[in-house]
Amino acid sequence: MEYDEKGVSIVPLDFKKEIFKEARKDFRYDEYVLGCLNCGVCTGGCPPHRFFDFSPRIVLQNLKTKDPELIWTMMDEYIWACFQCFTCAMICPFLNNPGGAIAILREIAVRRGFESARKVLKPYSRVLLKLTAYGNQLSPDMIQPDFFPDWGPDISYASADLKVKRKAIPMPTLQITNLSWDVSPEAMKELYEIFDESGVFKIIEAVDPSLYEIIMDIVEDVRSS
Amino acid sequence: MEIRNRLNLANVGSDYIHAAGRKLENMHDHLLELESKGEVKVMHINSENRAKDALTLFGWKKLIPTNKIWHHKSCGQCGNIPGYPVSLLWLMNQFGLEYIDERNQTSCTAWNYHGSATSNPVGLASVAARNWHRAYELGYFPVNHCATTFGDYKEMRNLLVENKELRDEVKRIMHKIGRDLVIPEYIIHYSEWVHVMRFEIAKIKKYDLGHVTVTVHPACHTYKMIPEDCIYDKDIYAGKRTAVSTGVALALGAKVADYSTWYDCCGFGFRHILTERETSRSFVMDRKIKPMVREANSDVCLTQDTGCTTTLDKNQWIGKAMGYTEQVPVMADVMFAALVCGADPYKIVQLQWHTTDWRPLCEKIGIDWKKSEEGYNAYLEELKAGGKPQNLYEYK
Ligand code: SF4
Ligand code: SF4
Ligand code: SF4
């Protein structure tokens, strides 16, 4: 996001209008954004509201103004505070889905490779790599004490002698350390096809080009196996 | 309606179930309409699935298959809480039920979507359809282990029913990978299987739980995402809260205590648990563990999802550094059920991977965890020496 020395956004209004138009064009938009009573019920139940300057009521109110300037102010870090728990959607008396509307805005931020999205997602790249390249989001060998020192001394149990401990899990699919379960290459190949056809690979290229390169190397290997 | 809730306990009856003031479309009916028009193929529950009835938020009937299950595993569970799926399969074995657990399954990719937004409805719905079709071609009914898969697949089912363009696009992609769009009649969470099987499970329990107090942490993606498709029971929390997990704990004879932050999320946040961990930690201790211990004097916190189990279990240790003295062991409803039915705490329930101490709970129930630990360590030695693993089923 670009600002002048007084902190005023220097992004052209036309661009902000385009972003809002893109959000409204999404087929889910009219289902997620109905009327808003400004009642604050959603914010009352919203978990991150307790920790951040973030409120689903504001999200809905801003969207209802249809003011591209106001909507633009949320495209930075604001939308990334959401936990995606959908408490708001369950309790909104107007049946809005603020969490869903946030997902639409996030998709735009990522698709367009906004700097704010890149920054927020940088520490997420390990997960993205596993999921996109192997069809599994997390693996047993990712639980290392160096990464999770705050999980206490017992966490080292999960990395010592991992191979044999995984072999002792009585499900043959789980007896592997670098994936949660041993995803078959045929399943991976189908997933790549889906990522190609639905634009998921393109999204990753926009938000993290170097990660995209690494993923593509693995994809090529699996595809030619 | 009479609500006898003075004891703050969960087994409270009412004549009504909670309808939250909403009246939404019944997607099941719409799906069948589309099928009759030849617009979509539907994967139906059949007699071999030995389905049991349950009621959802508005009193609509939902059929829960108990047999011929295709396990849609969860990456977080298999990677980090292996006792979660193992306990479920172990229970199914106790009843001689048929299931398939196989390599030809992908993650739902929805955890990633909710954390990073690096997907879109076409991508998510195609992944769902891919896994549905795999179950369909084998003639088994998919049961989702992760609450996020459950929430996501419910949402994708709704979007697919409501939007022809999305359907056409997903059909195109399915044809490209040699598959077809076949939507399951019901989207099922494993906790629903546990719920409808709870009285059967209670018949094989090995321990008395009259002195054990349970608190339940319900998962947002079970009952807040597409809330109308979640099980309610007028005899559990007077039908005002989802009945899954609480139902099985009550059937097993435990006391289920209420606490003021029951509705709160666990603090996982999808992205936050990995990249803004202080938020998750604070949330865990302040909004969940402290109230569970102080208000309910809970012996164990029962969960029904991957992220919640991890977040609530792993973040209690660091709480001590901030002066929190409250601690409570965390495990999924199905792990607790298996434990109480005599499953080995190490080999089956795999509690050794958990970081918050669960041994006092075992002792309170009367389970000899030390003996189990010895047996497990000996088993590891056998495996190291080239022994063959003892599995719950044979992989074909
Ligand atoms: S989905 Fe997001 S906005 Fe809605 S309650 Fe949860 S965290 Fe708040
Ligand atoms: S989105 Fe719903 S709950 Fe939130 S302020 Fe508006 S009407 Fe109220
Ligand atoms: S991890 Fe947290 S946000 Fe996700 S389903 Fe569980 S309680 Fe809800």
Side-chain angles (χ1 to χ4, degrees), chain A residues 27-28 45 47-48 51 80 83-87 89-90 93 95 103 106-107 110 121 123-124 127-128 131 135-140 143 150-152 154-155 157-158 164-165 167-175 180-184 186-187 190-191 193-195 197-200 203-204 207, chain B residues 22 73 75-76 78-80 82 85-86 89 101-107 109 111-112 114-120 122-123 126-127 130 163 173 176-177 220 224-225 227 264-265 267 269-272 274-275 277 279 282-283 314 317-318 350 352-353 355 379-380 383-384 389-392 395:
Chain A
F27 73 103
R28 296 162 293 176
F51 293 93
W80 294 100
F83 280 8
Q84 291 283 288
C85 66
F86 298 101
T87 307
M90 184 178 190
L95 305 185
R106 282 182 175 187
E107 280 181 35
V110 169
L121 296 180
Y124 208 79
V127 170
L128 262 181
L131 180 81
N136 235 210
Q137 175 139 333
L138 184 136
S139 63
I143 314 288
D150 51 336
W151 284 4
D154 286 352
I155 201 65
Y157 178 88
V164 70
K165 284 176 190 157
K167 211 171 163 190
I169 299 169
M171 283 168 68
T173 47
L174 267 56
Q175 292 162 1
S180 292
W181 69 85
D182 190 3
V183 184
S184 65
E186 56 194 312
E190 286 182 26
L191 199 63
E193 203 65 35
I194 291 172
F195 288 164
E197 293 295 324
S198 61
V200 170
I203 296 168
I204 292 172
V207 81
Chain B
R22 303 160 76 110
K73 298 178 286 300
C75 25
C78 293
N80 190 31
V86 172
L89 268 59
D101 163 40
E102 64 165 346
R103 299 190 167 97
N104 197 346
Q105 182 221 322
T106 74
S107 154
T109 75
W111 176 6
N112 176 60
H114 291 297
S116 74
T118 49
S119 189
N120 55 37
V122 174
S126 299
V127 170
R130 186 265 161 216
N163 298 279
I173 296 177
K176 227 170 161 197
I177 59 172
C220 304
K224 291 176 185 167
M225 267 186 103
D264 259 335
C265 133
F270 298 91
R271 189 175 70 77
H272 300 74
L274 289 169
T275 60
R277 303 237 289 276
T279 310
S282 308
F283 207 91
K314 300 285 192 270
W317 180 84
I318 192 76
Q350 302 264 334
Q352 63 273 25
W353 303 91
T355 53
Y379 179 45
L380 291 184
L383 290 177
K384 274 187 204 164
Q390 301 150 15
N391 292 325
L392 288 173
Y395 198 91

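Per chain, numbering begins at 1; letters A, B, ... match sequence-line order.
Side-chain contact annotation: A/Thr173 with B/Asp101, donor-acceptor N/O pair under 3.5 Å present.
Closest heavy-atom contact between B/Ser107 and A/Leu131: OG-CD1, 3.6 Å.
The part of B/Ile173 that comes within reach of chain A is its side chain, from C-beta onward, which places non-hydrogen atoms under 4.5 angstrom from that chain. The contact between A/Val127 and chain B is made entirely by side chain atoms (from C-beta outward), counting heavy-atom distances below 4.5 Å. Both the backbone and the side chain of A/Ile194 come within contact range of chain B, judged by heavy atoms closer than 4.5 Å. Using a 4.5 Å cut-off between heavy atoms, B/Glu102 touches chain A through its backbone atoms (N, CA, C, O) alone.
The closest side-chain heavy-atom distance from B/Pro227 to A/Phe86 is not below 4.5 Å. Side-chain contact between B/Val86 and A/Pro170 is present, with at least one heavy-atom pair separated by less than 4.5 Å. Between B/Thr118 and A/Tyr124 the shortest side-chain heavy-atom distance does not fall below 4.5 Å.
With sequence neighbours excluded, the residues forming a side-chain contact (heavy atoms from CB on, under 4.5 Å) with B/Ser119 are A/Val200, B/Tyr113, B/Leu124, listed by chain and number. For B/Trp353, the ring-ring contact (aromatic ring centres under 6.0 Å, His included) partners are A/Tyr157, not counting sequence neighbours.
Proximity of a side-chain donor or acceptor of B/Arg103 to a complementary backbone N or O of A/Ala187 within less than 3.5 Å is not detected.
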